[in-house]
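Values below: every heavy atom of this structure, side chains too, minus hydrogens, waters and symmetry copies.
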Amino acid sequence: MAAVALGLSACARCASPAVVDAGAPVPVKAPPKQRARHSVDLRTALLVSYPEYRGSVILEGRAALTRRYVSLPDEAWAKAVKGNGFTPEADGGLVRAPFHVEREGDVVVLWMAVDGPVLEKVFSAPTALSSMDMGLYLPRGLEVADERFELSLRYGAVPHARAAFLSRQVVELLARSGQWKLGAVPEGWGADPGDGGYGEVPERFTVTLEEQGRPATLTVTREASEVRVVYTLVTDAPR
């Protein structure tokens with residue numbers, strides 16, 4: 001009897017086998033959305049866009065991270081502004097030096113001015129400010145539609161011929177590196193001389209280069225003695 005009782009006690013602890021309904025639908029988890037993410041630091045972007053600045057002066061410059069959210073609730077925006085220490089400016093914007101932040105609907109732009117003193121700090125700093133670092137000042141934990149980093153510089157060159165040299169130089173350095181593909185060049189884009197140096201460029205032109213393997217572009221525009229360079233990298237987008 002003891003043996004029978006022991007056997008019954010053991011069976012009482014056994015779980016009944018699960019019954020599977022072959023006709024019941026099996027839930028299928030949606031695969032995670034694939035994203036293409038890239039990053040760049042401000043020092044690298046400057047080296048790409050403005051490798052030689054002797055004989056020139058920055059007239060206007062800005063580094064910006066633009067993020068578009070699927071949805072940006074007011075509560076999340078207010079929390080990010082307060083948590084990151086932004087305060088109102090006289091013109092209605094928000095600032096936490098050196099950054100400014102602006103919002104329009106679901107789009108937020110974090111930007112900083114880039115001038116001569118900032119240039120010196122960027123190249124002398126022990127660590128480089130990256131686009132990922134900039135993103136820490138924006139609302140987090142929300143679904144992002146897309147994001148891009150952009151560095152825009154407008155500088156003047158003295159003497160006048162210096163603008164021709166600098167604008168041609170940045171194009172040639174990138175195109176010859178093999179990492180950037182040069183698009184169509186305008187009429188008046190002279191051949192490089194055989195003994196070294198760069199060929200002539202028109203007084204006014206625009207050319208665009210695309211980085212190979214990354215969604216980055218550089219646009220170079222010359223307007224007589226002024227040059228504008230715009231470096232853009234898509235830092236987050238659907239794959």
Side-chain angles (χ1 to χ4, degrees), residues 40-67 89 91 93 95 97-102 104 107-125 128-131 134 147-175 177 180-190 198-211 214-235:
V40 67
D41 62 77
L42 183 54
R43 184 181 299 162
T44 298
L46 281 166
L47 288 171
V48 168
S49 310
Y50 196 38
E52 172 62 74
Y53 47 85
R54 289 175 297 179
S56 67
V57 59
I58 296 179
L59 305 174
E60 179 184 18
R62 182 171 122 147
L65 186 70
T66 301
R67 180 181 292 175
E89 295 183 280
D91 62 0
V95 63
F99 299 117
H100 304 257
V101 68
E102 303 168 355
E104 184 173 345
V107 178
V108 180
V109 181
L110 180 84
W111 64 275
M112 61 178 286
V114 178
D115 54 17
V118 168
L119 197 70
E120 293 178 5
K121 291 180 181 179
V122 168
F123 286 120
S124 62
L129 174 71
S130 72
S131 55
M134 295 176 70
E147 179 189 276
R148 73 177 185 275
F149 170 86
E150 182 176 284
L151 171 66
S152 175
L153 295 175
R154 182 173 64 90
Y155 61 87
V158 179
H160 180 79
R162 186 69 175 163
F165 175 83
L166 293 176
S167 57
R168 181 68 183 251
Q169 181 191 51
V170 66
V171 172
E172 293 288 352
L173 287 175
L174 294 181
S177 72
W180 292 76
K181 182 180 179 180
L182 176 60
V185 296
E187 184 178 350
W189 193 269
Y198 305 123
E200 294 296 320
V201 296
E203 283 281 304
R204 290 171 172 78
F205 72 85
T206 296
V207 297
T208 299
L209 299 103
E210 296 183 357
E211 188 174 7
R214 293 219 313 170
T217 61
L218 182 73
T219 301
V220 181
T221 301
R222 181 195 177 191
E223 290 284 347
S225 62
E226 292 186 7
V227 178
R228 179 182 289 276
V229 289
V230 180
Y231 170 93
T232 303
L233 172 67
V234 178
T235 49

Got a donor-acceptor contact below 3.5 angstrom from the Ser49 side chain to the Leu46 backbone? no

Using atom types as modelled and distance alone, determine if a side-chain donor or acceptor of Ser167 lies under 3.5 Å from a backbone N or O of Ala163. yes

Would you call [X] and [Y] a side-chain contact if the rule is heavy atoms closer than 4.5 Å?
X	Y	result
Leu129	Val122	no
Tyr231	Val40	yes
Leu42	Ser130	no
Leu218	Leu174	yes
Val108	Val101	yes
Val107	Thr66	yes
Glu52	Arg162	yes
Val207	Pro186	yes

Distance, nearest 0.5 Å, that separates [atom1] of [X] from [atom2] of [Y]:
X	Y	atom1	atom2	value
Glu172	Leu209	CD	CG	9.5 Å
Leu65	Leu151	CG	CG	12.5 Å
Arg214	Thr235	CZ	OG1	10.0 Å
Arg62	Asp115	CZ	CG	14.0 Å
His100	Asp91	NE2	CG	8.5 Å
Glu147	Leu233	CD	CG	9.5 Å

Kindly assign one of parallel, tilted or perpendicular to the pair Tyr198 and Phe165, based on the angle between their ring planes and the thresholds 30° and 60°. tilted

Are any of the side-chain nitrogens in [X] or [Y] under 4.0 Å away from the carboxylate oxygens of its partner?
X	Y	answer
Arg228	Glu60	yes
Arg222	Glu226	no
Glu223	Arg204	yes

Using side-chain hydrogen bond (donor to acceptor under 3.5 Å, both in side chains) as the criterion, list what pairs up with Ser177, not counting sequence neighbours. none

Return the set of residues passing side-chain hydrogen bond (donor to acceptor under 3.5 Å, both in side chains) with Arg148 (not counting sequence neighbours), or none when no residue passes. none

For Phe205 and Val185, what are the C-alpha separation, side-chain angles and deciding distance, and is it a side-chain contact (heavy atoms from CB on, under 4.5 Å)? CA-CA 8 Å; Phe205 72 85; Val185 296; over 6 Å; no

Working for side-chain contact (heavy atoms from CB on, under 4.5 Å), residues Val227 and Thr221: CA-CA 6 Å; Val227 178; Thr221 301; over 6 Å; no

Return yes when atom [atom1] of [X] has more than 12 non-hydrogen atoms of other residues, nucleotides or ligands closer than 6.0 Å, and no otherwise.
X	atom1	result
Glu104	CD	no
Glu200	CD	no
Glu210	CD	no

Carefully, step by step, assess Tyr50 and Tyr155 under the rule ring-ring contact (aromatic ring centres under 6.0 Å, His included). CA-CA 10 Å; Tyr50 196 38; Tyr155 61 87; 4.7 Å; yes

Taking every non-hydrogen atom, the tightest pair across [X] and [Y]:
X	Y	answer
Pro51	Gln169	CG-OE1, 4.4 Å
Val114	Ala63	CG2-N, 3.8 Å
Leu166	Ser56	CD1-CB, 3.9 Å

In sequence, state the C-alpha distance, the side-chain angles, and the governing distance for Val170 and Leu173, and then conclude on side-chain contact (heavy atoms from CB on, under 4.5 Å). CA-CA 5 Å; Val170 66; Leu173 287 175; 5.8 Å; no

Step-by-step side-chain contact (heavy atoms from CB on, under 4.5 Å) determination, Met134 to Arg67: CA-CA 11 Å; Met134 295 176 70; Arg67 180 181 292 175; over 6 Å; no

Strictly under 6.0 Å, is that where the ring centroids of Trp111 and Phe99 end up? no

